[in-house]
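Report on the structure given below.
Proteins come first, then strands; the chains are lettered A, B, ... in the order of their sequence lines, and each starts at number 1.
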Amino acid sequence: MEALSNKLLVWVTFAYLGATVLYLCHWVIKARAFGLLGTILTWLTLAAHTASIVLRWLASYQLGFGHAPFSNLFESLVFFGWTLALLYLIIEWRTKLRQIAVFALPLAFFSLLYAMTKEPDIQPLMPALKSNWLIAHVITCFLGYAGFGVSFALAIMYLAIGGAAIPQEKRALTLDDLIYQTVVVGFILLTAGIVTGSIWANSAWGTYWTWDPKETWSLITWLVYAALLHSRFMRGWQGRRIAFFSIIGFLCVLFTYFGVNYLGGLHSYAAGQ
Amino acid sequence: MSKNKPQPPGGRIWDFFASVKLSFALLLALALTSILGTIIPQKEHPGHYQELYGQAGGRIIEALGLHDMYHAPWFLLLLALLAVNLIICSLNRLPDTLKIIRKDPREDLKRSPKAEQSFTLPGTPAENAEAAGRLLAQSIGPAQSAEREQGGLALFAQKGAWSRLGVYVVHLSVLIIFAGAMIGSILGFSGRVNINEGGQVDSIILDNGQPLALGFSLRLDKFAVSFYDGGMPSEYRSDVTFLAKDGREIMKAVLKVNDPAEYQGVDFYQSSYGQNADSLTVDVVRDGKSERVELKQDQWVPLPGGGEALLLEARQEVKMGDMYQGPAARIGYQDPEGNRLALTAFKAGAKMPARGPLKFEIADMKMVAYSGLSVKHDPGVWFIWVGCGLMVLGFLFTFYTAHRKVWIVLTPAGKGRTRWEVAGSTNKNRLGLRRLIDRLAGEAQAGQPGE
Ligand code: HEM
């Protein structure tokens, strides 16, 4: 079951790349069929991706120490890719803007590709990780990261299509609004992620906040996005500036996720074996 | 919005603290400075910084408090400024916000914002008004209407005025979290205690090294580690009993990682474990004569030949270079005159120089499991959880509800037709409002709204 899950994942990884190519053809050649194929392939891939995660979950029970598949770097990368694809599809469904896929789906692809370089063995949980708060923590954080990731993709797209200082035409206005909306989704979920993480830390160690590097970086990320949300209330802060801001924010996310492993601390178990 | 407000006393300072620019700067300043504490190791020994960054570097770190920067005065000052910023900004805006919320809809009814959709339908304005009112009622709320000149009619409806308070809920939640953190750091304490299996403690060691009497006792009845098949530990478990001062058993509890126990506002967390010496059998060598005694950790034992001894600490395996390898212990000795000193004991035959009036040689060591517990008291923690909950609810309130206003102005367009002009305003999500207006217009033109 574990082997099947891993094999499925290889297909899923490259299917996201394939879907990106279809969407790119759709954009460049302007043939509707490509877009439709891209959408269908992405939904099917997400379904297979979901199946792979569920299989891994079941496999851990077969091994006798069942736990949700959110416990190490490999599993979190796989889940991150899943949340990115899901959020993209929701936005496509709401806005019908298929071009976004060209920027958003590669993130899912790279997340999974990076996962491939990690040890995929299912490991039992160390005592501190056995908590439902941990599951809530990981799910909310990664959904939040996906919000920021898609916002980043939108920001790149905004800059790629001209990057007006103040958005004027319809597509730029929509992108500007979506950059903000996805940051909002990310911000709410990151907040929930930090809160559930604090509750977990409090039940495991008796302190809800210890300023360990990963915690601190999640707070830094949170502060940057809080500043972004407030920049809206200062004149002239839209369009290109918000796009740049969203890109900086996502760099903070990436550092919180990967960079911190080089700094040590409580979360170093997530550094991957 | 607040430009034509009467200026409160101290206008310029007030304005400075009421500005979003300041909060923007403070949020980014906090983010940037926080990075330092993740690069510079925190709360290390002062000498360590000199090693890492040289003498000058170490001194700068010390002076700026970067060795414990999240508690450094300047960092706390930034947080305090943010709190002041938040309070003043909210106080500054709240009256305007309340005015908007309480505004009489009849005032809005007089306005005619720029239409986003306009079209004509058959019938007089009065005949169209019923459909318009029904459309508004369905999608926004009950409509007010008023006559306009030349037989025209205006309808107005709004919803979600309360959503303007969402931001205040969020900002209040930040203050509540700050309050919780302050209460915790002023009134709370944090420490740790090791208890031997079967043993009992009535005090703990605080983080600053001082002992603190608990006012009750805690006994470790049993400690157990369970393992996965592969040999990885899966659970640490301490079965404990809380006892009153007079020794009465009050409560039993099981402590596991992620599953603490609380008694009288003090929380106990499973945090470490290990082996401690329960008793130590030693040969007391004095004037060439040797006699066997068993020493205990918590009681003085009289020695043959005078004096008393107490076991302070014992280790099964100690390595001291090439000099010695094996068990070692520290023993407190009190001579008949009452003078106390601490002596180190090794196993017989060790080539360690003996000091003092007598020598202890280890004959046997009985080990016992101990459980290490973190002990916390944090009366602020509920403020934190309430603040966090309020923050998330406040976000949903702020971001996913909006104060929407919609106008439909009906004017005679000749030939028995009426011109519809649909306009709207909102404080959030303009695209959403535009979609709503497009839908309203579509339904009106389809003739049969809502069916
Ligand atoms: C960590 C602290 C803070 C958090 C989490 C926070 C959060 C928020 C959020 C979520 C919004 C709504 C943004 C939007 O609608 O796009 C907001 C708006 C706002 N915040 Fe803050 N804020 C914080 C600090 C501050 C401070 C210090 C000020 C002081 C000036 C401030 C002033 C404002 C203002 C004026 C608005 C706009 C309100 C409106 O919609 O009219 N915030 N804040």
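Looking at B:Q42, its side chain does come within 3.5 Å of a backbone N or O of B:L66 through a donor-acceptor pair. Not one N or O on the side chain of A:S151 forms a donor-acceptor pair closer than 3.5 Å with the backbone of A:G147. Side chain of A:K214 to main chain of A:T256: a donor-acceptor pair is present (N/O by atom type, distance under 3.5 Å, no hydrogens or angles). Between the A:W237 side chain and the A:I242 main chain, no donor and acceptor come within less than 3.5 Å of each other. A donor-acceptor pair under 3.5 Å is absent between the side-chain atoms of B:N92 and the main chain of B:A18, judged by distance alone.
Between A:T191 and A:W222, the side chains place a donor N or O and an acceptor N or O closer than 3.5 Å (distance only, hydrogens not considered). No hydrogens or angles considered: nothing links the side chains of A:Y145 and A:T83 as a donor-acceptor pair under 3.5 Å. With 3.5 Å as the limit, one finds a donor-acceptor pair spanning the side chains of A:W217 and B:T38.
With a 4.5 Å cut-off on non-hydrogen atoms, B:I35 touches chain A through its backbone and its side chain both. At a 4.5 Å heavy-atom cutoff, the contact between B:L30 and chain A is made by backbone and side-chain atoms alike. Contact of A:I194 with chain B is not made at all, since no heavy-atom distance falls under 4.5 Å. Only the side chain of B:Y400 comes within contact range of chain A, judged by heavy atoms closer than 4.5 Å. If you measure heavy-atom distances from B:S271 to chain A, you find no contacts under 4.5 Å at all. Heavy atoms closer than 4.5 Å to chain A are found nowhere in B:A25, neither backbone nor side chain. Looking at A:S198, the atoms closer than 4.5 Å to chain B (heavy atoms on both sides) sit in the backbone and in the side chain alike. Only the side chain of B:K428 comes within contact range of chain A, judged by heavy atoms closer than 4.5 Å.
Near-neighbour residues of residues 86-97 of chain A relative to chain B, defined by a heavy atom under 4.5 Å from a heavy atom of that chain, comprise A:R94.
A heavy-atom distance below 4.5 Å is found between the side chains of B:E116 and B:R434.
Chosen from A:N202, A:V224, A:D177, the residue pairing most often with chain B at heavy-atom distances under 4.5 Å is A:N202. Chain A forms more heavy-atom pairs under 4.5 Å with one residue of B:V381, B:D267, B:L27, B:N258 than with any other, namely B:N258. Comparing A:A204, A:G206, A:A227 by heavy-atom pairs within less than 4.5 Å of chain B, the highest count is held by A:G206.
Within a 6.0 Å radius of CZ in B:F383, other residues, nucleotides and ligands contribute 12 heavy atoms or fewer.
Remark: A:R232 is positioned above the aromatic ring of A:Y180, its terminal NZ or CZ atom under 6.0 angstrom from the ring centre and at most 45 degrees off the axis.
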